[in-house]
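Taking it in order: structure first as structure tokens, then the write-up.
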Amino acid sequence: MEFEHQHNTTTETTCTILSCFFCTMMNEPDPSLRRVKISKCFKEIPLNDDQEHVLVLSGLWNIAMTQPDDPEFPSLGIFECMAKLILKGINDKAWLLKDQNIYIPYYAAHIIGSYTMNKSQFAEKATKSGVILPLMELLRGKISWVEQRVAVRALGHLANHDSTFEPIAVHEVEIIQLAMKIASTCVDEVYDKFIAVKDSKKLKYHCDLLTRGLGGLEIENRKAEEWASHLQCWSLYLLNCFACKERSLSLICKKEFLKDLCGMWGGLANRTSPAGVGLIRTLCQTKSGKTSVADLKEVIEFLCNLSRSSDDWQYTAIDSLLLILKDPDTRYKVIDIVAPILVDLVELGSFGGSSNVGDTITQALLQDYHKIKYGTLKLKSKRAEKALGETWDLKVERKKREKLMSKQEVRERKLLVGKLKMNGNLMFWSGDIEEAVMKYSEALSLCPLKMKKERLVLYSNRAQCNLLLRNTEAAISDATRALCLSNAASPHGKSLWRRSQAYDMKGLAKESLMDCLVFASDWLKSEKCKGTKIPYYASRMINKQMNATWIFASAKLGREKNEA
């Protein structure tokens, strides 16, 4: 944006255009006078109708993004200024559509969110300056999903501070209902109102804000995908602020919404957000939330799949399941589903910031195993009983037996395991896959627990056999056990690839994708493969699952069905 700004160098003059805000910032040497002038600018900006408004707001947006903890502007009235500008945009449509004022409510809400992100004292000042009502109007969708995105971000930051939670909670029911609706529908809305719209009919200011004026259609769509994910994840974060305080749990724990949470994933564009599983874990930390989650088979199965994956939030899923298992009121609602899954993780080491995760899982699984062992308790599922028995044998009985083994017996076992593994390999290459499975299984039953590398290979080899037999659940189980025995910093590549294939066969695209991405990443880091490309088969799998997990995939499918 070009403008002329001239000062008379011989006489003192008062500049009348708002770009003098930047002159004050850059040229005023007296700190006290500078503060007075900036404060005056903040008071005058909402009162004046100047085409340079957007330039000032853009500059303030950049400062707030890069210096969110700087107290200068929050102390000089920036929050009141931003609140008035948002309300002006909502209440005066003629002004909003004039010049470039359409950008202003977005920038104003973003500035509020940036300054209230870290400092509770800034958040307190913001609430006292009246930012909540304007933000609520944007949350209600008074302008568009773009402004809704930054409004929910700002409200989430305000709700996260104890000192400003109650002013937000005045609107508790409406916020909860709006945030749930946004989280559930925003992806479809962004697709319908931006991605699926012809280029010539897209709102120009949306395109400009998405790309910052740089890039074309591809970048616009990529950023729209990222912003749709932000809108969903920040809505979940706002809900989480209430769930943490055990507020409105009866509203949040609606069955359909809990099921919807399973499909809410930050995606590759927003991997730092726990998204749906983060809110589920918070609910599992409360009595009523835990009960609601335990009652839904779909949610428990989602947590089970996530717990045996390479997803960044794997531990969050494990922790959610452990919280449910440890509560006697919910334990037997889920144990038949959960026990056969968690048994694969009992040898997991330090993970997710916690040490000896496998031991913690073991304790949760076996906390009342004596009742099952001695026949006073029967589970509905024989598979679950078998999993608990296997856990007991592996983590208790076998450890005791192996402590009593002599060095000679260990050496003999090692030789026998090596022969069985060799025989298994011969059976595999001769095409007798079922016999190979038997040889690997026999070797695993004899292999001392401390021989982790040997056991890892045996599990991984058996996983490959189960893949060929199309026994996908067994393949996932064996590959997961192999990965638990491998180094967390450098997981076993073949096991990752095998589990990725098994998840693909089960139609679990996200789990398959995450395993394949870790496999590809480790491949590129490997010294043996240095300078080589990702294998074609892995590239093909990644491409397939990226398409399947595209955030707008279901929205596109739904639109196509409606148009058919």
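Only heavy atoms go into these numbers, but all of them, side chains included; no hydrogens, no water, no symmetry mates.
- For the residue pair Gln545 / Ser512, a side-chain donor-acceptor distance below 3.5 Å is found, with atom types taken as modelled.
- In this structure, the side chains of Glu256 and Lys259 come closer than 4.5 Å at one or more pairs of heavy atoms.
- The side chain to side chain donor-acceptor pair (under 3.5 Å) pairs that include a residue from residues 285-296 are Lys287-Asp327, Lys287-Asp329, Lys290-Asp327, Asp295-Lys333, where partners are two or more places apart or lie in different chains.
- Residues forming a side-chain contact (heavy atoms from CB on, under 4.5 Å) with Pro491 (at least two apart in sequence, or on another chain): Leu483, Ser486, Leu496, Val518, Asp522.
- Heavy-atom minimum distance, Ser495 versus Ala479: O-CB, 3.6 Å.
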Pair up each side-chain donor or acceptor in residues 176-183 with any protein partner under 3.5 Å, not counting sequence neighbours, and list the distances.
none

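- Closest heavy-atom contact between Val293 and Leu283: CG2-CB, 4.5 Å.
- Asn118 is linked by a side-chain contact (heavy atoms from CB on, under 4.5 Å) to Pro68, Asp69, counting only residues two or more places apart in sequence or in another chain.
- The nearest pair of heavy atoms linking Val437 to Cys465 is CG2-CB, 3.4 Å.
- For the pair Leu321 and Val334, the minimum side-chain heavy-atom distance is 4.5 Å or more.
- For residues 478-502, every residue pair satisfying the ring-ring contact (aromatic ring centres under 6.0 Å, His included) rule, not counting sequence neighbours, is listed here: Trp497-Phe519, Trp497-Tyr537.
- Between Ser248 and Glu172 the shortest heavy-atom distance is OG-OE2, 2.6 Å.
- Under a cutoff of 6.0 Å and an axis angle of 45°, Arg212 and Trp61 form a cation-pi pair.
- The distance between the ring centers of Phe165 and Phe242 falls below 6.0 angstrom.
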| said: Between Arg383 and Glu390, is the salt bridge (Lys or Arg N to Asp or Glu O under 4.0 Å) condition met? List the steps. | reply: CA-CA 10 Å; Arg383 184 175 170 228; Glu390 188 179 346; over 6 Å; no
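- Contacts of Asp260 classified as side-chain contact (heavy atoms from CB on, under 4.5 Å), with partners at least two apart in sequence or in another chain: Ser184, Met264.
- A salt bridge (Lys or Arg N to Asp or Glu O under 4.0 Å) check over residues 356-365, counting only residues at least two apart or in different chains, returns the pairs Asp359-Lys395.
- Listed by first and then second residue, the salt bridge (Lys or Arg N to Asp or Glu O under 4.0 Å) pairs involving residues 491-501 are Arg499-Asp515 (not counting sequence neighbours).
- Taking the ring centroids of Tyr106 and His110, they lie under the 6.0 Å cut-off.
- Applying the salt bridge (Lys or Arg N to Asp or Glu O under 4.0 Å) rule to pairs touching residues 452-461 yields Glu347-Arg455, sequence neighbours excluded.
- Taking the side-chain contact (heavy atoms from CB on, under 4.5 Å) definition, one finds that Lys255 meets it with Leu296, sequence neighbours left out.
- For Met546, the CE atom sits in a loose shell: 12 or fewer heavy atoms of surrounding residues, nucleotides or ligands are nearer than 6.0 Å.
- Within the structure, ring-ring contact (aromatic ring centres under 6.0 Å, His included) pairs that include any residue of residues 540-561 comprise Tyr191-Phe552, Trp550-Phe552 (at least two apart or interchain).
- Ser120 pairs by the side-chain hydrogen bond (donor to acceptor under 3.5 Å, both in side chains) definition with nothing, not counting sequence neighbours.
- For the pair Ala364 and Arg331, the tightest heavy-atom approach, listed with the atom from each and the gap, is O-NH1, 2.7 Å.
- Looking at heavy atoms from C-beta onward, Asp344 lies out of side-chain contact with Asp478 at the 4.5 angstrom threshold.
- Here the closest heavy-atom approach between residue Gly113 and residue His157 is recorded as O-ND1, 2.8 Å.
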